[in-house]
Amino acid sequence: MALNKLVVLVGGVGGAKLAYGLSRVLAPEQLTVIVNVADDFWHYGLRICPDLDTIMYTLADWVDPVNGWGIHGDTTEMLTTLRAYGEVAWFRLGDRDLATHLLRTELLRQGERLTTITGRLARAIGIQCTILPVTDQPVSTILETVEYGRLEFQEYFVKHRWQPEVRQISYQGANTAQLSDEVHHALRQADAIVFGPSNPWLSIEPILSVGNLREHLSQLPIPRIAMTPIIEGQAVKGPAAKIMRELGYEVSARAVAEFYGTTINGFIRDQRDTAFTFSLSEGRVSALDTLMHTNEDKIRVAQQVLALLEGGDG
Ligand code: GDP
C-alpha cells in the first residue's frame, strides 16, 4: 500500500526511539505522534509532562542520550538550591528543562490547551512533524501497591524507583477525558497506526482508555501494528516485566500481543524471541531486530516497519 500518513502512539523513552526513526524517514506532514499524558503531574506549581517532553527533546535532538530523557548537558543548580532550603527534591528537573515547564504552565494558566502549547513548543525548537497529547484533559495513572497503598505515578516511578509491588493500576480521569479534535483528525487521515515499543500498562493503556480509543481503533480498516517492549521475557528498560509479573501476566511478547487484542491487526516481535508462538485473529506477526541503541538503529527499525506496512504485512 502507498503510505501517506502515519500515526504512532507512544509513551516516553521506548516509544521515542521509534518516533525518532520515523521522523527521520518520513516527511513531517506524514507523521503524527500521539503521546500518553497520564504521567503528567503538578510539582512546585509547575505542570510537568514527562512523556511529551521526552518525545519533544528526542525529536529535536536535544535529549540526553544516556538517560533517554531530559536535556543533553543540562545542569541541576535549581535542585541543589531547593535542597539547600531543606527540600527532598526527588523529581529530577534540569535547569534548561525548567524553561519548558515554566512556559507550559504559564500558557495553561492563560487558558491555552495542552495541544496547542505542545505544538508551539515543538515548532519553536525545530520539530516539523505533529506531536499531540492524546487529550487536553488531565488523566492520572494511579498504582495500588502492597507497601504504600495508593501511589501517584511519579511517586511510584521516581520517588520509590518503581520498587513497590503493584496490585492494580487505574487511570483517573480517563473515563471522562475526550480525544482532542486534532487526535480525531489525525486518526481520520491515517493510512496506518503504529504502537511504539512502549510499556503496555503505563503508557499504552492510559492512551487507549481515553474516549473509547481502544474500540475506535479496532474498527479502523487500516493496518494497526504494535512493536513489543519485551524481548526474551525481559523489558529492555524499566518496570514493564516486573509489573506484568506482579499483575499475574506471563512476561512475554505473546502477553503483550494479547494485551493489544483486536486493537491491532499486526504485531512485531523481536527476532531473538524464536520460541514465540501466537497468531492474531486478524493479521500477522512479523519478526525484526527491535533493539534500538543508536540513532542508526532507530532509523533502520523505522524503515523496516514502513517496509512491513508498505508490503501489506500490517
Ligand atoms: P517510558 O514512559 O519512558 O517508560 O517509555 P515507554 O513506555 O515508551 O517505553 C518503555 C518500554 O520501552 C520498556 O518497557 C522497554 O522494554 C521498551 N524499550 C526500550 N528500548 C527499547 C528498544 O530498543 N527496543 C524494544 N523493542 N523495546 C524497547
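Each residue takes its place number in the sequence, starting with 1. Note that ligands are numbered from 1 as they come in the structure, with each ligand's atoms numbered from 1 the same way.
For Glu215, there are no side-chain hydrogen bond (donor to acceptor under 3.5 Å, both in side chains) partners two or more places apart in sequence or in a different chain.
For residues 179-222, the pairs satisfying ring pair (Phe, Tyr, Trp, His ring centres under 6.0 Å) are Phe195-Tyr260, Trp201-Tyr249, Trp201-Phe259, with sequence neighbours left out. Evaluation of the side chain to side chain donor-acceptor pair (under 3.5 Å) test over residues 84-94, restricted to residues two or more places apart or in two chains, returns Tyr44-Glu87.
Taking a 6.0 Å sphere around CD of Gln304, one finds it holds more than 12 heavy atoms contributed by other residues, nucleotides or ligands.
Under 4.0 Å from any atom of ligand 1, one finds heavy atoms of residues Gly11, Gly12, Val13, Gly14, Gly15, Lys17, Asp51, Pro197, Ser198, Asn199, Ser203, Thr228, Pro229, Ile231, Ala235, Val236, Lys237, Ala240, Thr290, Leu291, Met292.
Taking the six-membered ring where tryptophan is involved, the planes of Phe153 and Tyr156 are tilted, since the angle between them lies from 30° to 60°.
The shortest heavy-atom contact between Glu250 and Met244 is O-CE, 3.3 Å.
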